[in-house]
Chemist: 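Please see the structure below; I have some questions.
Every number for a ligand or one of its atoms is a count from 1 in the order of the listing.
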Amino acid sequence: AVLTDAGTRTTLWARRDELARTITDDHVNPDYLPGIELPEGLSAVSDIDEALDGADLVVCAVPSQSLRDNLSRWNGRIPAGAALLSLAKGIESETLSRMTEVIADVTDRPDDRIAVLSGPNLAREVALRQPAATVVACRDESVARSIQNACTTAYFRPYTNTDVVGCEIGGAVKNVIALACGMASGAGLGENTLASIITRGLAETIRLGEALGARAETFAGLAGVGDLVATCSSPLSRNRSFGARLGEGRSLEEAQQATHGQVAEGVKSCSSVRALAAAHGVDVPLTDAVHRVCHEGLPVRDAIIALLSRSTKPE
Ligand SMILES: NC(=O)c1ccc[n+]([C@@H]2O[C@H](COP(=O)([O-])OP(=O)(O)OC[C@H]3O[C@@H](n4cnc5c(N)ncnc54)[C@H](O)[C@@H]3O)[C@@H](O)[C@H]2O)c1
Ligand SMILES: O=P(O)(O)OC[C@H](O)CO
């Protein structure tokens with residue numbers, strides 16, 4: 001919708017033909033964005049060849065853990081000169097790869113044709129055309145600028161950056177920290193706790209990002225603190241809502257069922273972020289606590305006690 005509003009001719013690919021037809025003919029996506037009118041010029045198809053035909057830019061918006069599988073099926077059909085843009089915010093479980101690394105691995109394209117878009121961009125608010133800013137990052141700044149041009153509208157303001165690693169780590173780790181905020185909120189805790197989690201969550205994001213080669217200042221920007229605050233504060237966030245259900249005492253299975261098939265990326269990425277941090281000798285106590293609650297059955301109350309009983313240290 002943003003690309004179409006920006007004047008960029010856009011074809012959406014959907015797996016279900018029926019949904020593709022509803023988007024093209026009725027300009028709505030009732031399962032995911034009920035009550036929102038999509039731009040008239042936006043069309044959708046279920047045939048991947050039709051979607052990719054003549055594309056200059058391929059925007060990958062499937063969940064992180066399915067990107068490799070989808071891209072492998074699309075690979076031979078992506079036009080040779082096309083740039084690829086990732087919207088996904090996660091770390092692949094099996095390989096601990098960032099999404100642009102998965103794209104490079106599968107498509108064998110150079111880094112300067114692969115970009116990421118990340119920022120405080122809750123889908124429903126963007127689709128409602130509420131003002132928001134974001135970051136388009138690519139190692140080649142001219143590619144980032146051309147993608148910026150392709151998606152700038154009166155309500156959507158992208159900034160460019162060349163720090164791909166920082167933008168991707170910011171996007172993946174904020175989902176894990178939003179789960180932690182949801183857990184605290186679901187357990188009945190208030191704003192001091194949430195602000196402490198957000199701030200210390202940012203500290204561990206920066207530690208991990210710098211260890212991976214990111215620039216610290218990226219985390220002070222939209223793809224860092226911007227997205228972290230939006231996701232940790234909003235009831236629209238699937239990650240925060242998922243954490244809140246766990247904080248209320250529901251099981252992982254019950255929390256999963258309540259998502260109605262939508263993805264809360266942090267549930268899988270908490271384990272991959274934790275493993276990535278361990279591989280680089282980086283301490284990520286909040287991520288570790290989220291992993292233990294989600295995957296080792298640790299009650300939220302015990303996770304809070306464990307976090308607060310660590311030895312004290314300078315900020
Ligand atoms: N929703 C947001 O507000 C938002 C904002 C910015 C970035 N993102 C990121 O975008 C990515 C996609 O999230 P989303 O919000 O669209 O998730 P979603 O769960 O709302 O929708 C995912 C879409 O992908 C499809 N899908 C699911 N599994 C698939 C598979 N194996 N192969 C192909 N398609 C599949 C679903 O049918 C659905 O259309 C995530 O990494 C998310 O973090 C989401
Ligand atoms: O709904 P969430 O938790 O996946 O978050 C959506 C976006 O990433 C916010 O920028």
Side-chain angles (χ1 to χ4, degrees), residues 1-2 12-20 22-23 29-34 36 38 44 46 48 51 59-74 85-93 97-100 102-103 116-128 130 132-136 151 156 158 167-183 185 201 221-245 255-256 258-270 272-273 290:
V2 171
L12 198 60
W13 170 76
R15 288 180 294 181
R16 284 170 290 152
D17 191 45
E18 188 195 335
L19 178 62
T22 305
I23 291 171
N29 185 352
D31 292 343
Y32 287 90
L33 296 168
I36 292 181
L38 298 171
S46 60
I48 193 67
V59 181
C60 304
V62 293
S64 303
Q65 307 303 333
S66 76
L67 179 61
R68 183 179 295 274
D69 184 41
N70 278 299
L71 260 186
S72 307
R73 276 183 279 119
W74 305 336
L85 175 69
S86 163
L87 304 190
K89 296 174 176 173
I91 301 292
E92 193 175 50
S93 300
S97 299
R98 292 174 285 103
M99 294 300 104
T100 58
V102 172
I103 294 173
V116 53
L117 181 149
S118 196
N121 301 146
L122 293 150
R124 190 168 179 84
E125 294 183 9
V126 175
L128 285 167
Q130 294 181 7
T134 199
V135 179
V136 174
C151 64
F156 196 72
C167 289
E168 288 191 292
I169 292 299
V173 183
K174 66 87 190 174
N175 285 334
V176 180
I177 305 305
L179 278 168
C181 283
M183 288 175 195
S185 164
L222 293 157
V225 72
D227 201 5
L228 183 67
V229 169
T231 312
C232 290
S233 322
S234 173
L236 288 179
S237 160
R238 285 89 45 94
N239 287 286
R240 188 191 197 275
S241 308
F242 196 107
R245 292 182 206 113
Q256 199 86 59
T259 64
H260 303 296
Q262 291 200 15
V263 69
E265 291 275 23
V267 176
K268 287 202 171 143
S269 282
C270 63
S272 33
V273 169
V290 170

Chemist: Counting only heavy atoms, which portion of R15 has something under 4.0 Å from ligand 1: side chain, backbone, both, or neither?
Modeler: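 The answer is the side chain.
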Chemist: Show the nearest heavy-atom pair for residues S237 and A178, with the distance to one decimal.
Modeler: OG-CB, 4.4 Å
Chemist: For atom 5 (O) of ligand 2, what's the nearest protein heavy-atom neighbour? Residue, atom name and distance, please.
Modeler: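 The closest heavy atom on the protein side is K174 NZ, 3.3 Å.
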Chemist: Classify the contact between E265 and ligand 2 as side chain, backbone, both or neither, using a heavy-atom distance cut-off of under 4.0 Å.
Modeler: neither
Chemist: Under 4.0 Å from any heavy atom of N239, which atoms of ligand 2 are there?
Modeler: 2 (P), 3 (O), 4 (O)
Chemist: From the options R16, Q65, K174, R238, select the one whose nearest heavy atom is closest to atom 44 (C) of ligand 1.
Modeler: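 It is R238 whose heavy atom sits nearest to atom 44 (C) of ligand 1.
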Chemist: Over all heavy atoms of both residues, which pair between G171 and K89 is shortest? Give the atoms and the distance, please.
Modeler: O-CB, 3.4 Å
Chemist: Could you list which atoms of ligand 1 come closer than 4.0 Å to a heavy atom of A123?
Modeler: 1 (N), 2 (C), 3 (O)
Chemist: With only distance considered, is K89 within less than 3.5 Å of ligand 1 through an N or O on each side?
Modeler: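 For ligand 1, there is an N or O atom that lies under 3.5 Å from one belonging to K89.
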Chemist: Below 4.0 angstrom from a heavy atom of K89, which ligand 2 atoms are there? Numbered from 1 as shown, please.
Modeler: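 Per the distance check, 7 (C), 8 (O), 9 (C), 10 (O).
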Chemist: Is the contact between A14 and ligand 1 made by the side chain, the backbone, both, or neither, using heavy atoms and a 4.0 Å cut-off?
Modeler: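 It is neither; nothing of A14 touches ligand 1.
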Chemist: State the atoms of ligand 1, each with its element, that fall below the 4.0 Å cut-off from a heavy-atom position in L122.
Modeler: 3 (O)
Chemist: Supply the atom-to-atom distance E125 CD to I36 CD1, rounded to the nearest 0.5 angstrom.
Modeler: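 Spacing of CD (E125) from CD1 (I36) equals 10.0 Å.
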Chemist: May I ask you to check if ligand 1 and V263 share an N or O to N or O distance below 3.5 Å?
Modeler: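 Checking ligand 1 against V263, an N or O pair does fall under 3.5 Å apart.
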Chemist: I'd like to check which ligand 2 atoms, numbered from 1 as shown, lie under 4.0 Å from a non-hydrogen atom of G119.
Modeler: 10 (O)
Chemist: May I ask you to decide if A264's main-chain N or O and R238's side chain share a donor-acceptor pair within less than 3.5 Å?
Modeler: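 Between the backbone of A264 and the side chain of R238 there is no qualifying donor-acceptor contact (under 3.5 Å).
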Chemist: Hey, could you give me the CE/CD distance between M99 and E168, rounded to the nearest 0.5 Å?
Modeler: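 Reported to 0.5 Å precision, the distance equals 7.5 Å.
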Chemist: Within ligand 1, which atoms have a heavy atom of S66 less than 4.0 Å away?
Modeler: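 It comes down to these atoms of ligand 1: 29 (C), 30 (C), 31 (N), 32 (N).
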Chemist: Is the closest side-chain donor-acceptor distance between S93 and Q65 under 3.5 Å?
Modeler: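 Yes.
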Chemist: May I ask you to identify, for R240, whether its side chain, its backbone, both or neither come under 4.0 Å of ligand 2 on a heavy-atom basis?
Modeler: neither
Chemist: If we only consider heavy atoms of S118, is any one of them less than 4.0 Å away from an atom in ligand 2?
Modeler: no
Chemist: Run the numbers for me: atoms of ligand 2, each under 4.0 Å from some heavy atom of S237, listed by number.
Modeler: 1 (O), 2 (P), 3 (O)
Chemist: When you check the side-chain N and O atoms of T134 and N121, is any donor under 3.5 Å from an acceptor?
Modeler: yes
Chemist: Would you mind running through ligand 2 and noting each atom that sits below 4.0 Å from a heavy atom of T231?
Modeler: 3 (O), 5 (O), 9 (C)
Chemist: Has Q262 got any heavy atom lying under 4.0 angstrom from an atom of ligand 2?
Modeler: no
Chemist: I need the R240 CZ to C181 SG distance, nearest 0.5 Å.
Modeler: 7.0 Å
Chemist: Taking S269 for the side chain and I91 for the main chain, is one N or O donor matched with an acceptor at less than 3.5 Å?
Modeler: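 Pair found, side chain donor or acceptor close to backbone of I91.
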Chemist: Could you find the nearest protein heavy atom to atom 1 (O) of ligand 2 and give me its residue, atom name and distance?
Modeler: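 The closest one turns out to be R238 NE, 2.6 Å.
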Chemist: Backbone, side chain, both or neither: what part of D69 comes under 4.0 angstrom of ligand 1, heavy atoms only?
Modeler: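 Near ligand 1, D69 shows nothing, with every heavy atom at 4.0 Å or more.
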Chemist: Could you tell me, atom by atom, which parts of ligand 1 come under 4.0 Å of a heavy atom of Q262?
Modeler: 19 (O), 20 (O)
Chemist: Is the contact between D227 and ligand 2 made by the side chain, the backbone, both, or neither, using heavy atoms and a 4.0 Å cut-off?
Modeler: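 Near ligand 2, D227 shows its side chain, while the N, CA, C and O stay back.
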